[in-house]
Enquirer: 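Pasting a structure here, questions to come.
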Amino acid sequence: MDIDQDSAGVKFMPPAAFVGTLVVGLALGRFMGSPDLPLSNSTERGIGWLAVILGIGIVFSAIGLFRSAGTDTRPWKRSTAFVTDGVYRWSRNPMYFGMALTYAGVAVWLDSLVALLLLIPLVFVIQREVIEREEAYLAAKFGAPYLAYKSSVRRWI
């Protein structure tokens, strides 16, 4: 991973962190005897699919907006713009929110309590190691317009 000097300096790929944590959670759950969620199978499937579809839709919408603005989606690369329309009107981080929602949907659909619980520390890591770095970078790079956006739109949802 080639980190641009003019970037937020994120040192890992957030999608890989979500996928890796999910895989570890699913494996740990099996190792621990697959502790189940307290829901019926049909409820788990319905909630899981809904969360996956919504999460993927949010992620792809956010990626499309970044591409339209001509800026890179990778947080270790230089940002040329910050986006404030579409899904960015209600979340400053819809890509991470969408990834978390997709992760939760898969964990629920596969009835993995362990994987679902591991999402909690992962969200804290993403917030500290990715989002906070991005916020500091964008504030330094774009100044008052970004700070105004930051004060009017929530970090997650």
Enquirer: Please report the interatomic distance CG(Asp36) to OG(Ser112), rounded to the nearest 0.5 Å.
Expert: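 If we round to the nearest 0.5 Å, Asp36:CG and Ser112:OG are 9.0 Å apart.
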Enquirer: Name all residues meeting the side-chain contact (heavy atoms from CB on, under 4.5 Å) criterion together with Val83; count only those two or more places apart in sequence or in a different chain, and write none if there are none.
Expert: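 By the side-chain contact (heavy atoms from CB on, under 4.5 Å) rule, Val83 matches Leu65, Phe66, Ala69, Asp85, Tyr88.
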Enquirer: State, to 0.1 Å, how close Glu44 and Leu39 come at their nearest heavy-atom pair, and which atoms those are.
Expert: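 Shortest heavy-atom separation between Glu44 and Leu39 comes out as OE2-O, 3.2 Å.
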Enquirer: Mind checking whether Lys150 and Arg92 have side chains closer than 4.5 Å, heavy atoms only?
Expert: yes
Enquirer: Spell out, yes or no, whether Ile56 and Val87 are grouped together once hydrophobic residues are joined by side-chain heavy atoms under 4.5 Å, including indirect joins.
Expert: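 Yes, one cluster joins them.
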Enquirer: Look only at the side chain of Ser61 and the backbone of Gly57, and say whether a donor-acceptor pair between them is shorter than 3.5 Å.
Expert: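 Answer holds: no.
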Enquirer: With sequence neighbours left out, write down each residue that passes salt bridge (Lys or Arg N to Asp or Glu O under 4.0 Å) with Asp6, or none if nothing qualifies.
Expert: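 Result, salt bridge (Lys or Arg N to Asp or Glu O under 4.0 Å) vs Asp6: Arg78, Lys141.
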Enquirer: So, the side chain of Tyr103 versus the backbone of Ala115: is there a donor-acceptor pair under 3.5 Å, distance only?
Expert: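 It does hold such a pair.
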Enquirer: Scan for ring pair (Phe, Tyr, Trp, His ring centres under 6.0 Å) pairs involving residues 111-141, sequence neighbours excluded, and state none if there are none.
Expert: none
Enquirer: Calculate, to the nearest 0.5 Å, the distance between atoms CG and CG belonging to Leu101 and Leu50 respectively.
Expert: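 Those atoms lie 8.0 Å apart.
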Enquirer: Distance from Leu37 atom CG to Leu113 atom CG, nearest 0.5 Å?
Expert: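 Reported value, rounded in 0.5 Å steps: 5.5 Å.
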Enquirer: Give the minimum heavy-atom separation between Thr71 and Thr80, together with the two atoms involved.
Expert: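 Nearest heavy atoms, Thr71 then Thr80: OG1-N, 2.9 Å.
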Enquirer: Ignoring hydrogens, what is the shortest heavy-atom contact between Pro121 and Leu117? Give both atom names and the distance.
Expert: CD-O, 3.2 Å
Enquirer: Is there a path of hydrophobic side-chain contacts, each under 4.5 Å between heavy atoms of I, L, V, M, F, W or Y residues, that connects Val108 with Ile53?
Expert: no
Enquirer: Does the side chain of Phe12 reach to within under 4.5 Å of the side chain of Ile126, using non-hydrogen atoms?
Expert: yes
Enquirer: Less than 4.5 Å apart, any side-chain heavy atom of Leu122 and any of Leu119?
Expert: yes
Enquirer: Does CE belonging to Met1 count more than 12 external heavy atoms closer than 6.0 Å?
Expert: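 Enclosed.
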Enquirer: Hey, does the side chain of Asn93 reach the backbone of Trp156 with a donor-acceptor pair shorter than 3.5 angstrom?
Expert: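 No, because the side chain of Asn93 does not come within donor-acceptor range (under 3.5 Å) of the backbone of Trp156.
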Enquirer: Rounded to the nearest 0.5 Å, what separates atom CD1 in Ile63 from atom CD1 in Ile58?
Expert: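 Rounded to the nearest 0.5 Å, the CD1-CD1 separation comes to 12.0 Å.
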Enquirer: Is there a side-chain contact between Tyr96 and Ser91 in this structure, where contact means two heavy atoms from C-beta onward sitting under 4.5 Å apart?
Expert: no
Enquirer: Closest approach of Val114 and Met32, non-hydrogen atoms and distance?
Expert: CG2-SD, 3.9 Å
Enquirer: Taking only residues two or more places apart in sequence or in another chain, which ones pass salt bridge (Lys or Arg N to Asp or Glu O under 4.0 Å) with Arg30?
Expert: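 Here no residue qualifies.
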Enquirer: Check Pro14 against Trp76 and note the closest heavy-atom contact, atom names and distance.
Expert: CD-CZ3, 4.1 Å
Enquirer: Roughly how far, to the nearest 0.5 Å, is CG of Leu118 from CG of Leu26?
Expert: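 These two atoms lie 9.5 Å from each other.
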Enquirer: Would you say the side-chain atoms of Arg89 pair up with the backbone N or O of Gly86, donor to acceptor, closer than 3.5 Å?
Expert: yes
Enquirer: Between Tyr146 and Phe82, what is the ring plane arrangement, given parallel below 30°, perpendicular above 60°, and tilted in between?
Expert: perpendicular
Enquirer: Enter the distance from Leu110:CG to Leu22:CG here, rounded to the nearest 0.5 Å.
Expert: 7.5 Å
Enquirer: Can you find a heavy atom in the side chain of Phe142 that is under 4.5 Å from one in the side chain of Leu147?
Expert: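 Heavy-atom side-chain distance check fails, nothing below 4.5 Å.
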Enquirer: Under the rule for side-chain contact (heavy atoms from CB on, under 4.5 Å), what residues qualify as partners of Trp109, not counting sequence neighbours?
Expert: Arg45, Trp49
Enquirer: Looking at side-chain heavy atoms only, is the closest gap between Gln127 and Glu135 below 4.5 Å?
Expert: no
Enquirer: State whether the number of non-hydrogen atoms from other residues, nucleotides or ligands found under 6.0 Å of Ile3 atom CD1 is greater than 12.
Expert: yes
Enquirer: Measure from the side-chain N and O atoms of Lys77 to the backbone N and O of Asp2, and report whether any donor-acceptor pair falls under 3.5 Å.
Expert: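 Yes: the side chain of Lys77 pairs with the backbone of Asp2.
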Enquirer: List for me each residue that meets side chain to side chain donor-acceptor pair (under 3.5 Å) alongside Trp90, sequence neighbours excluded, and say none if there are none.
Expert: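 Not a single residue meets the side chain to side chain donor-acceptor pair (under 3.5 Å) criterion with Trp90.
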Enquirer: Linking I/L/V/M/F/W/Y whenever their side-chain heavy atoms sit closer than 4.5 Å, directly or via other members, would Val23 and Val52 fall into one cluster?
Expert: no
Enquirer: Which atom pair, heavy atoms only, marks the closest approach of Ala8 to Glu134?
Expert: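 Taking every non-hydrogen atom into account, CB-CA, 3.7 Å.
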Enquirer: Between the main-chain N or O of Ala81 and the side-chain N or O of Ser79, is there a donor-acceptor pair closer than 3.5 Å?
Expert: no
Enquirer: Applying the 4.5 Å side-chain criterion to the ILVMFWY set and letting contacts propagate, would Ile47 and Leu116 be lumped into a single cluster?
Expert: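 Per the 4.5 Å side-chain linkage, Ile47 and Leu116 are co-clustered.
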